[in-house]
Amino acid sequence: MTTPVLNTLPVNRQADVLTAAYALERASEPLPRTAFRALAEPALRQVVEQLLAAAGRVLINVGGGFLSGYDDQIVARLADEGAGILRREDRAVLTLVLLFSVAIPRAEGKIPADAPWTQARPVSRERLADTRLSGTTIRLALQRLQDAGIVRAVRAGLMPGPQFHRLTPAASTALFDELILLAEPEGALADSIRRRRRARAMERPDGTHERQGGSGARV
Amino acid sequence: MSSPLALARMRALRTVRVPFDPSEYSALESAAQLAARRITDVVDGDGVRALMLGWAPEYDPGSVFGAERGYLRNASPTALLTLAACIRCCWPDPSESLYPGCAATEDEVLDALERFTGPVGSGEASQNAVRRVRKGAIRQLRGYGLLAPDSGEGTVRLGPEVATWSDPDVSQLRSRYDDLPAVGRDQS
């Protein structure tokens, strides 16, 4: 094997690292730290992170467990290219699911502000239908979103799916900021978000701009 | 273009076109090696050559069907059985390579499953409910990349993820070919 980051390890530890990296990329739910030796041991975990980084991925801590996700700068570049972007109608339906199942309940204090996306109040399909989107559009979009693990159907309705575990903290913040800008564009929070983004944009002379779309790239 | 970005793009898009420039292809292979990955050459159902990101050839994650590491281990029995029917319907000749196979219709897959399991429950309502669940399994398999995206015509094709299965996995399928759910006309 000609992977430099692995070559310093004994063969057995190389296998441990690859097993963990493979599982991180494939798992649908966060992996417990104890599930893999290369996640439990800090030195091996560091090698896992290096291996992921070589593929534009990062290790994400999810409630004490782990998953992999896209590096923030990488995902910004992919979004600029339009790579892995959801269809327009899928973004619209997903936005509705996030608004009704997460953003509004958080604003009402029914969900803690720091809760994960998957801790949501399910929204019924009927509620989604009470919008300007056609029933067919909603149905087909939900099928695609569910197939991709982005939306999850439970008995009480729809909520963010397990792919939301794969958002980095920055990606998660950016996504919620987008929901605020959408739901209350004239509010004080929205003003604060826009000021913060202008300040960041001015700090980046390298031509890359701050990622705007939160519900775009596939995780 | 950075290596991590190139590999991340491959993951996001699942398949990418083959670069015209051989040096670009070499750069992709080098980037893959750094990440203990490899570039897999696949041909999709339309006969178009594409590249996918696989894992290092020295790394064996175990059979995709394995209970220990197989990524299908969390799939429901319905999803697995539906996958088996899709494979049989899209793979008419086991002496040929599994992927890309040929196109089948959703109805062929559902008929093969009904023939395999026999009627489930009693009455038309039960049968329709079972078909709905199996159609859901087809959608789930599309999400995994095991079936190609829905072209909107009720067509089922094997997805690029199948192209990454190991030779032992395909041999296992080939040895059990006649056990896979099939419509009556496929039975040899």
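Excluded from the calculations below are hydrogen atoms, water molecules and symmetry mates; all remaining heavy atoms, backbone and side chain alike, are included. Naming convention: chains lettered A, B, ... in sequence-line order (proteins, then strands); numbering from 1 in each chain.
- Contact of the A:I74 side chain with the B:P4 side chain is registered, since non-hydrogen atoms from C-beta on lie closer than 4.5 Å.
- Between the A:Y70 side chain and the B:A12 main chain, a donor and an acceptor come within less than 3.5 Å of each other.
- A 6.0 Å sphere centred on CG of B:D21 holds more than 12 heavy atoms belonging to other residues, nucleotides or ligands.
- The two residues B:A36 and A:L51 come nearest to each other via the heavy atoms CB-CD1, 3.9 Å.
- A heavy-atom distance below 4.5 Å is not found between the side chains of B:L141 and A:D147.
- Considering only heavy-atom pairs separated by less than 4.5 Å from chain B, the leading option among A:G56, A:A55, A:A148 is A:A55.
- Atoms CG and CG, on A:L78 and B:L13 in that order, are 7.5 Å from each other to the nearest 0.5 Å.
- Contact annotation: the side chain of B:Q140 never approaches that of A:Q146 to less than 4.5 Å [non-hydrogen atoms, C-beta and beyond].
- Put simply, CG on B:L5 and CG on A:D71 are 10.0 Å apart, with the number rounded to the nearest 0.5 Å.
- More than 12 heavy atoms of other residues, nucleotides or ligands shown are found within 6.0 angstrom of CZ on A:R139.
- The number of heavy-atom neighbours closer than 6.0 Å to CZ of A:R152, taken from other residues, nucleotides and ligands shown, is 12 or below.
- Note that the CG atom of A:L6 and the CD atom of B:Q33 stand 12.0 Å from one another [nearest 0.5 Å].
- Neither the backbone nor the side chain of A:A27 comes within less than 4.5 Å of any heavy atom of chain B.
- A distance of 8.5 Å separates CD in A:E25 from CG in B:L53, rounded to the nearest 0.5 Å.
- Heavy atoms of other residues, nucleotides or ligands lying less than 6.0 angstrom from CD of A:Q46 number 12 at most.
- Here the straight-line distance linking atom CZ of A:R57 with atom CZ of B:R11 works out to 3.5 Å at 0.5 Å rounding.
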